Amino acid sequence: MSYSDKVIDHYNNPRNVGSMDKSSADVGTGLVGAPECGDVMKLQIKVNPATNVIEEAKFKTFGCGSAIASSSLATEWVKGKTVDEALSIKNMDIVKELSLPPVKIHCSVLAEDAIRAAIGDWKKKQESAKPVAVEAR
Amino acid sequence: MATQGESTHSCWSCGAMRAAHFCEACGKVQPPAPADYFAFFGLPRKLNLDVAALEKDFYELSRKLHPDLNARTDKREQEWSLEQSSLLNDAYRTLKDPIRRTQYLLQLEGVELEEQSKAATEKARATGEAKKQIVPPDLLEEVFDLNMQLEELRMHKKMGEDDPALIEEIGRQKLELEEKRQALLNELQADWKTWDGLIGREQAGQLVSEDERKQARDKMVDLLNRRNYIRNLVRDVNEALEN
Ligand code: FES
């Protein structure tokens, strides 16, 4: 299978590889897996508590090139977005950007899941930190 | 075993009633009937199967269906025997392997593993909640952590350093993984038994609810999902330790 140039670029120069302190109140961590292939992806975000803007994003993926590229791209995209804006990123946006073939769609799903999981984790932390619900749902 | 199933048609060559793959009367190869792999061998859709008997059937059918048999003068028959032979090979390879057999059955039963994951993502989108992961979170943690260790090991090796403590730790995890893999296979056997029990009841003319079927299927799907991670880990651990 041949990868698109963009995938190869992200694969060779992955952006934002690394990790942040999982226990920090501002950090949300998402660890997700693709049962189809057994690959795993961890994505972390650091959110500015005053503005809800994602200031930092890190990832580490053990998986195929498309999954690495998808998560690398995902960290680039979420940075500078508010949490709610980041939630609107869909796996198909990633598929289009990276020109992933149909068999690699699940790799992009993994990235979307990871964003969502990281944000979910962060939100949970905020709720438990402030017993008075700040967010109207 | 191989001669059960579709014996309701007559042979294109001699007109006698035939078996699924070749005519019982004159032995000519018949056009392939649309059949799943279980039906190809005249088997019910049960998962616990006698692999030795399957192998025997396979060899016997291979011989009889072989395209190079010089008695095949009819061009159509040549083609059919080619088609049947390749079908036979696919069917045999799929059914003899416990995992592939289970995957195949689930697929026949309309389970799409990939679809499941996608459906869960869509649900998460709609509800705004985090997606329910299909495998237990602690398994994911374990997979992730072990992968980190493997990466470390690879890095050390690349720089020509030795790290006996790490190698020992990974070796210990390898043993644990192998135990886990065995445990999964045992669990799979139990799931097969449940499934086969349902098919057995159906064969006996009893009613089996869709709920019961679904439960039995879901258990196997869940197991196969977990197994993919374990399989990858075993592979990666072996690679990292060897190189
Ligand atoms: S093949 Fe599984 S994430 Fe790409």
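Throughout, protein chains are lettered first and strands after them, A, B, ... in sequence-line order, and every chain is numbered starting at 1. Keep in mind that what you see is a predicted model, and the values were worked out from it rather than measured.
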Quiz prompt | Contacting region of Glu141(B) [heavy-atom separation from chain A under 4.5 Å] | solution = both
Quiz item: For Gln103(B) and Gln107(B), what are the C-alpha separation, side-chain angles and deciding distance, and is it a side chain to side chain donor-acceptor pair (under 3.5 Å)?
Solution: CA-CA 6 Å; Gln103(B) 283 168 333; Gln107(B) 188 192 321; over 6 Å; no
Exercise. Report the distance from atom OG of Ser4(A) to atom CG of Leu100(A), rounding to the nearest 0.5 Å.
Key: 6.5 Å
Quiz item: Quick check: are there more than 12 heavy atoms from other residues, nucleotides or ligands sitting under 6.0 Å from CG of Leu207(B)?
Solution: no
Quiz item: Is a side-chain donor or acceptor of Thr94(B) paired with a backbone partner of Asp90(B) at a separation under 3.5 angstrom?
Solution: yes
Practice problem: Give the member of Ala118(A), Gly38(A), Gly30(A) that has the highest number of heavy-atom pairs under 4.5 Å with chain B. | Solution: Gly38(A)
Quiz item: Does any heavy atom of chain A fall under 4.5 Å from the side chain of Asn147(B), the backbone, both, or neither of them?
Solution: both
Quiz item: Heavy-atom distance under 4.5 Å to chain B: side chain of Lys60(A), backbone, both or neither?
Solution: both
Exercise. Heavy-atom distances under 4.5 Å only: say whether Arg231(B) touches chain A with side chain, backbone, both or neither.
Key: side chain
Quiz item: Between NZ of Lys46(A) and NZ of Lys79(A), what distance do you get to the nearest 0.5 Å?
Solution: 12.0 Å
